[in-house]
Trainee: 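Provided herewith is a single structure, encoded as structure tokens, for subsequent inquiry.
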Amino acid sequence: MLNRKTKDSFSHKHPILTVVIIEVLLLLAVFAAGAYSTIKELSYTSPVLISFIPIALVLIAYFTWKKKWNPLGFRKLNSIPAAGWLYYSPLLLILITISLKGMREISASEILFFIFFTLLVGFVEESIYRGLILKTLLPKGIPTAVITSSTLFAVTHVLNVLSGQDIFQTVLQIVYALLIGAVLALLMVKNQNIIPLILFHFLHNFIQFVGNDNSDVFIGYDLFILLVLAVHCVWLSLSLRKPPVSTRIDQAG
């Protein structure tokens, strides 16, 4: 049962507007950081660092001030029921698949940098899309919350078109992001814990950054992963039709 404070909150009264504001602010921050990095001729990781570090600090302050950590899924891993861990198995298959490309020559300092970088991205993007946006839209129904949050997650990857990336690769990445977003959102609804999602996001991006850049050779692997994600979406969707312990993220807090 929602308490009065939650009922009176702006996000509860205006969920769509809240989501629009969150997405617009995020895109503006990334665009501004990208423009600054282009002018200053900074590295390709600079736009994310410049925009995401302040965003991460704001999120941490907001979650602490409003006591949002637990309601947004920042819970101990033992809160996930034993049967619930089975639904993460396709994610492990994806990590194994993308690791098959091997690792390029990279220094220890670069590894440390990419650990920080990918943890930052994982925390910010999961907190926003599978945390704030998903939770805000859940009163509209699980399908609406999952589809909208995953679509917005994919939209942010359209920015890669601006970097001169091949159109096919860009479309592939958008579909890839859409399916991953849907899977992670469904897992969030299923197990109500965001920590495994952040860890997967971190490991997925880290392996991509330190791996060999031979996308043409591994296009078959990408298509295989898309198939795994599509099947995973169907599996999770069907599992949510069964009488679950809870099919919504706790709205208290």
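All residue numbers in this chain count up from 1 along the given sequence.
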Trainee: Using the rule that Ile, Leu, Val, Met, Phe, Trp and Tyr join whenever any side-chain heavy atoms are under 4.5 Å apart, tell me whether Leu178 and Leu187 fall into a single cluster.
Mentor: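 In one cluster: no.
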Trainee: What about Val231 and Leu240, same hydrophobic cluster or not, with Ile/Leu/Val/Met/Phe/Trp/Tyr joined at side-chain heavy-atom distances under 4.5 Å?
Mentor: no
Trainee: Given 3.5 Å as the limit, does a donor-acceptor pair link the side chain of Thr156 with the main chain of Phe153, or not?
Mentor: yes
Trainee: CG/Leu91 to CG/Leu203 distance, rounded to the nearest 0.5 angstrom?
Mentor: 10.5 Å
Trainee: Under 3.5 Å, is there a donor-acceptor pair between the side chain of Asn193 and the main chain of Lys76?
Mentor: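 Yes, because the side chain of Asn193 sits within donor-acceptor range (under 3.5 Å) of the backbone of Lys76.
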Trainee: Should the pair Tyr62 and Trp65 be assigned to parallel (<30°), tilted (30 to 60°) or perpendicular (>60°) ring geometry?
Mentor: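 If you compare the ring of Tyr62 with that of Trp65, the planes turn out perpendicular.
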Trainee: If the plane angle is over 60° it's perpendicular, under 30° parallel, otherwise tilted; pick one for Phe209 and Phe117.
Mentor: perpendicular
Trainee: Are any of the side-chain heavy atoms of Phe206 and Leu119 separated by less than 4.5 Å?
Mentor: no
Trainee: Can you check whether Ile98 reaches Tyr221 side chain to side chain, under 4.5 Å on heavy atoms?
Mentor: no
Trainee: Do Ser237 and Leu186 have side chains that get closer than 4.5 Å, going by heavy atoms?
Mentor: yes
Trainee: Identify whether Leu25 and Leu17 are in the same connected component of the hydrophobic contact network (ILVMFWY, side-chain heavy atoms under 4.5 Å).
Mentor: yes
Trainee: Check Ile207 against Leu95 and note the closest heavy-atom contact, atom names and distance.
Mentor: CD1-O, 3.9 Å
Trainee: After noting the C-alpha distance and the side-chain angles of Lys68 and Lys135, does the key distance pass the side chain to side chain contact (heavy atoms under 4.5 Å, CB included) rule?
Mentor: CA-CA 11 Å; Lys68 293 287 186 181; Lys135 182 195 172 189; 3.5 Å; yes
Trainee: Is it the case that the side chain of Arg130 and the backbone of Leu184 share a donor-acceptor pair, with hydrogens and angles ignored and the cut-off at 3.5 Å?
Mentor: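 Here the side-chain-to-backbone pair does not exist.
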Trainee: Just verifying a value: how many Å separate Leu86 CG and Ile80 CD1, rounded to the nearest 0.5 Å?
Mentor: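 That separation rounds to 12.5 Å.
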Trainee: With heavy-atom distances below 4.5 Å as the criterion, would you say the side chains of Leu134 and Tyr129 are in contact?
Mentor: no
Trainee: Could you state the interatomic distance from CG (Leu132) to CD (Glu126), rounded to the nearest 0.5 Å?
Mentor: 11.5 Å
Trainee: Is His232 reaching over with its side chain to a backbone N or O of Tyr87, donor-acceptor style, under 3.5 angstrom?
Mentor: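 Yes, because the side chain of His232 sits within donor-acceptor range (under 3.5 Å) of the backbone of Tyr87.
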Trainee: Check Thr136 against Ser11 and note the closest heavy-atom contact, atom names and distance.
Mentor: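 It is CG2-O, 3.9 Å.
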Trainee: Are Leu93 and Ile225 side-chain neighbours, meaning at least one heavy-atom pair lies under 4.5 Å?
Mentor: no
Trainee: Minimum heavy-atom separation for Gly122 and His201, please, with both atom names.
Mentor: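 Shortest heavy-atom contact: CA-CG, 3.8 Å.
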Trainee: Heavy atoms only: give me the nearest Ser149-Ala145 pair and the separation to one decimal.
Mentor: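 Closest heavy-atom pair between Ser149 and Ala145: OG-O, 2.8 Å.
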Trainee: On a heavy-atom basis, which atom in Gln192 and which in Val189 lie closest, and how many Å separate them?
Mentor: CG-O, 4.0 Å
Trainee: What heavy-atom pair brings Gly84 and Asn191 nearest, and what distance separates the two atoms?
Mentor: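 Looking at all heavy atoms of both residues, the shortest contact is O-ND2, 3.2 Å.
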Trainee: In the single-linkage hydrophobic clustering (I, L, V, M, F, W, Y; side-chain heavy atoms under 4.5 Å), do Phe123 and Ile115 co-cluster?
Mentor: yes
Trainee: Please evaluate residues Ile53 and Val48 with respect to the criterion side chain to side chain contact (heavy atoms under 4.5 Å, CB included), reporting the C-alpha separation (whole Å), side-chain torsions for both, the decisive distance (0.1 Å), and the verdict.
Mentor: CA-CA 8 Å; Ile53 289 178; Val48 173; over 6 Å; no
Trainee: Looking at Thr151 and Ile147, would you say the former's side chain and the latter's main chain have a donor-acceptor pair under 3.5 Å?
Mentor: yes
Trainee: Got Ile21 and Phe10 here, is their nearest side-chain heavy-atom distance under 4.5 Å?
Mentor: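 Of all side-chain heavy-atom pairs linking Phe10 with Ile21, at least one is under 4.5 Å.
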Trainee: At what distance, to the nearest 0.5 angstrom, does OH of Tyr44 lie from CG of Leu49?
Mentor: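 Reported to 0.5 Å precision, the distance equals 10.0 Å.
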Trainee: Under a 4.5 Å cut-off applied to non-hydrogen side-chain atoms, are Ile194 and Leu72 in contact?
Mentor: no
Trainee: Would the distance check show the side chain of Glu110 and the main-chain N or O of Ser107 forming a donor-acceptor pair, the cut-off being under 3.5 Å?
Mentor: yes
Trainee: Are Glu125 and Ile128 packed together at the side-chain level, in the sense that at least one heavy-atom pair is separated by less than 4.5 angstrom?
Mentor: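 Counting from C-beta outward, Glu125 and Ile128 never come under 4.5 Å.
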Trainee: Just verifying a value: how many Å separate Phe114 CZ and Gln208 CD, rounded to the nearest 0.5 Å?
Mentor: 12.0 Å
Trainee: Return the CG to CG distance between Leu226 and Leu172, rounded to the nearest 0.5 Å.
Mentor: 5.5 Å
Trainee: Treating Asn205 as the side-chain partner and Thr118 as the backbone partner, does any N or O pair qualify as donor plus acceptor under 3.5 Å?
Mentor: no
Trainee: Following the transitive rule for hydrophobic clusters with a side-chain heavy-atom cut-off under 4.5 Å over Ile, Leu, Val, Met, Phe, Trp and Tyr, establish whether Ile195 and Leu197 coincide in one cluster.
Mentor: yes
Trainee: Given Phe52 and Val30, is the side chain to side chain contact (heavy atoms under 4.5 Å, CB included) satisfied, shown in steps?
Mentor: CA-CA 8 Å; Phe52 276 30; Val30 173; 4.0 Å; yes
Trainee: Can any side-chain N or O of Ser37 pair as donor or acceptor with the backbone N or O of Gly34 at less than 3.5 Å?
Mentor: no
Trainee: Does the Ser127 side chain pair with the main chain of Val124, one donor and one acceptor, at a distance under 3.5 Å?
Mentor: no
